[in-house]
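Note that the coordinates shown come from a computational prediction; the quantities given were computed from them, not determined experimentally. We count residues from 1, following the sequence as given.
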Amino acid sequence: MLIGFAGFIIFFAFGVGGTGWIIQGEYFPTQYRGLFASLIAVVDWISNFAIIELFPVMDLKIGLGYTMAVFAVLSIMAVVIFFYIMPKTKGKSVEEINDIFENNTLATVRNASMAGYSDNSKTDKKQ
């Protein structure tokens with residue numbers, strides 16, 4: 001059980017737990033970065049508070065194994081969602097990342113980041 005908890009802490013810290021702190025510096029335009037960074041912090045702390053409050057209740061009601069299974073399923077869902085939505089930003093400037101978000105829908109932002117262009121870049125070149 002100790003190994004399971006240690007694994008959860010390690011993977012959470014390097015995965016979903018740190019994502020909000022990493023993306024806030026890259027994904028938002030400069031004029032909105034402070035506002036969105038504070039909103040991400042609020043959502044993160046409220047989520048942490050909810051987990052702290054829910055865990056003991058779930059442990060008493062359904063047991064530790066099922067409680068951990070619920071959190072495992074939620075973690076897997078988060079990884080899948082982030083895999084399909086979050087764009088690749090390696091080697092891109094903040095301006096390029098902002099362009100990807102401004103010129104694409106949420107459904108196409110990941111593909112646009114991997115292709116190196118936005119949906120509107122073809123029409124921008126013609127103008």
Here the side chain to side chain donor-acceptor pair (under 3.5 Å) pairs for residues 35-51, sequence neighbours left out, are Trp21-Asp44
| Is atom CG of Leu60 surrounded by more than 12 heavy atoms (other residues, nucleotides or ligands) closer than 6.0 Å? | yes
Sorted by chain and residue number, the ring-ring contact (aromatic ring centres under 6.0 Å, His included) partners of Tyr32 (sequence neighbours excluded) come out as none
- Taking a hydrophobic cluster as the set of Ile, Leu, Val, Met, Phe, Trp and Tyr residues connected by side-chain heavy atoms closer than 4.5 Å, whether directly or through intermediates, do Ile51 and Leu54 fall within one such cluster? yes
Are Leu74 and Ile62 connected in a single hydrophobic cluster, I mean Ile/Leu/Val/Met/Phe/Trp/Tyr linked by side-chain heavy atoms less than 4.5 Å apart? yes
What donor-acceptor contacts under 3.5 angstrom involve side-chain atoms of residues 63-73, with partners at least two apart or in another chain?
| from | atom 1 | to | atom 2 | distance (Å) |
| --- | --- | --- | --- | --- |
| Thr67 | OG1 | Met58 | O | 3.2 |
| Thr67 | OG1 | Asp59 | N | 3.4 |
| Thr67 | OG1 | Gly63 | O | 2.7 |

